[in-house]
There are 2 protein chains.
Amino acid sequence: MLQKESGGSNKAVSRGYLQGQLVARGVRMTQQRRAILQVMEGARGHLDAASILRIARHDHPDIDRVTVYRTLTLLKRHGLIDELDLLHLGGVGHYYEQRPLQQHLHVACLRCGRVVEIASPLFDKIKGQVERNLAFRVAFARVEIGGYCEKCRPETSG
Amino acid sequence: MLQKESGGSNKAVSRGYLQGQLVARGVRMTQQRRAILQVMEGARGHLDAASILRIARHDHPDIDRVTVYRTLTLLKRHGLIDELDLLHLGGVGHYYEQRPLQQHLHVACLRCGRVVEIASPLFDKIKGQVERNLAFRVAFARVEIGGYCEKCRPETSG
DNA sequence: TTAAGTGCAAATATTTTGCTGTCAC
DNA sequence: GTGACAGCAAAATATTTGCACTTAA
């Protein structure tokens, strides 16, 4: 599983946030959903569907894959999580994270697979530029950068 | 298939560019690869593996899916194409485009599925920022923005 | 000539759907 | 009580692998 560093932004969101959001929107809360939401809120890394299932089963052993996918679809539809592929470093699957208060960039090392998140004011400027130049209403934006971290860069002296 | 507008950046690359690059790197050139490379260079849109296969079969009817996947892997390994998911508007599959001379942003309308590409100097600034702040060597970067275009925006009066 | 590439078949991985029984409200 | 949800099975979709045959250099 790909690791997430720094991050922090979604730690600013209080525990039970996703559950509260769904309840506030009139979505029925089941034991299975609670287990899945807790996994997503407690996640230290970006999780794929299989990892979410595995961890959620600690709480609720009988939970099914299908329920995980359906819950992820639900959360996406409500705009509460983002779906990433993290440059496919980990294969063809997708990764999920709670939509952060402040959008951030994902910077992934192609050699060691570490994923660092950083925020940038330029990111918001780009969004503004798109809105103005294309008369486009930006709902969300995603930046994924691939390269080599200090420890892994091919030419250290470069 | 998702449409690509504007773009233009990869039209600046001469015809046969991919083929030339591979040959220059000592990669064996087969009829099947030639057919696939021509499809990618002539593409007006972002293509997924199935579309590439379908079009390549005009030239070479017996070509197999597997060969398409293997050629895409080859091109990715050489950094000659980029793999995108375009916010999964078209399902779980991936889309491919020849790596452009100037990197651009992909802006996708969540309702009509149209994908517009634009370049932004801020994009390069962000890359510079990442390189400096994280001591990171940026190999490539990808920006995907989702929202609503002028025609599709939910609140027209907003 | 021969190592690399191809096609076919089958496997694997990921996600979705149909249906029946169950549970939150 | 009832409509939304869960689990199971199976299908659908996307991609990869093993192997015998073919071909570019």
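No experiment lies behind these values; they were computed from the predicted model shown. Residue numbers begin at 1 in each chain, while the letters A, B, ... track the order of the sequences.
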Donor-acceptor contacts under 3.5 Å from residues 61-72 of chain B side chains, at least two apart:
| from | atom 1 | to | atom 2 | distance (Å) |
| --- | --- | --- | --- | --- |
| B/Asp64 | OD2 | B/Val66 | N | 2.9 |
| B/Thr71 | OG1 | B/Thr67 | O | 2.8 |

Note to self: Reading DNA chain C from 5' onward, which residue's closest nucleotide shows up sooner: B/Val92 or B/Ile63?
What the structure shows: B/Ile63
Could you pull out the protein-nucleic contacts involving nucleotides 18-25 of chain C (nitrogen or oxygen on both sides, under 3.5 Å)?
| from | atom 1 | to | atom 2 | distance (Å) |
| --- | --- | --- | --- | --- |
| C/dA24 | O3' | A/Met29 | O | 3.3 |
| C/dC25 | OP1 | A/Met29 | N | 3.1 |

Check: Taking only residues two or more places apart in sequence, or in another chain, which ones meet B/Glu144 in a side chain to side chain donor-acceptor pair (under 3.5 Å)?
Finding: A/Arg142
Check: Looking at residues at least two apart in the chain, or sitting in another chain, which of them share a side chain to side chain donor-acceptor pair (under 3.5 Å) with B/Gln129?
Finding: A/Ser120
Check: Can you check whether A/His94 has a side-chain N or O nearer than 4.0 Å to OP1 or OP2 of C/dT15?
Finding: yes
Note to self: Please list all pairs meeting ring pair (Phe, Tyr, Trp, His ring centres under 6.0 Å) that have one or both residues in residues 112-144 of chain B, counting only residues at least two apart or in different chains.
What the structure shows: none
Check: Taking CZ from B/Arg25 and C1' from C/dA4, how many angstroms apart are they, rounded to a whole number?
Finding: 18 Å
Margin query: Output the rounded distance in Å from CG (A/Asp85) to C1' (C/dT14).
Written below: 14 Å
To check you understand the geometry: which heavy-atom pair defines the closest contact between [X] and [Y], and what is its length?
X: A/Ala35; Y: A/Ala56; value: CB-O, 4.2 Å
X: B/Ala108; Y: B/Leu87; value: CB-CD1, 4.0 Å
X: A/Glu131; Y: A/Val138; value: OE2-N, 2.7 Å

Check: A/Ile55: what forms a side chain to side chain contact (heavy atoms under 4.5 Å, CB included) with it, not counting sequence neighbours?
Finding: A/Val39, A/Leu47, A/His58
Note to self: Taking side chain to side chain contact (heavy atoms under 4.5 Å, CB included) as the definition, give me every residue that meets it alongside A/Val92, ordered by chain and number, with sequence neighbours left out.
What the structure shows: B/His94
Notebook entry, point to check: Which residues satisfy the ring pair (Phe, Tyr, Trp, His ring centres under 6.0 Å) test with B/His78, sequence neighbours excluded?
Noted result: none
Notebook entry, point to check: Hey, does A/Leu80 have a side-chain heavy atom less than 4.5 Å from the side chain of A/Leu74?
Noted result: no
Item checked: Outermost DNA chain D nucleotides near chain A [under 4.0 Å, heavy atoms] -> D/dG3 to D/dA9
Note to self: Can you work out whether B/Gly91 or A/Asp64 has the more 5'-proximal nearest nucleotide on DNA chain D?
What the structure shows: A/Asp64
Next item on the list: Specify the residue among B/Ala49 and A/Asp62 whose closest nucleotide of DNA chain D lies further upstream toward the 5′ end.
Entry: A/Asp62
Check: What bend angle does the helix from C/dT1-D/dA25 to C/dC25-D/dG1 show across its length, from five-pair end axes and to the nearest 10 degrees?
Finding: 40°
Note to self: Using a heavy-atom cut-off of 4.0 Å across all strands, would you classify A/Arg65 as base, sugar-phosphate, or nothing?
What the structure shows: base
Notebook entry, point to check: So which pairs with a foot in residues 19-33 of chain A pass salt bridge (charged side-chain N to carboxylate O under 4.0 Å, His left out), sequence neighbours left out?
Noted result: none
Margin query: For DNA chain D, which residues of residues 71-84 of chain A approach it to below 4.0 angstrom with any heavy atom?
Written below: none
Check: Will you find, in the side chains of A/Gln38 and A/His60, an N or O donor that is under 3.5 Å from an N or O acceptor?
Finding: no
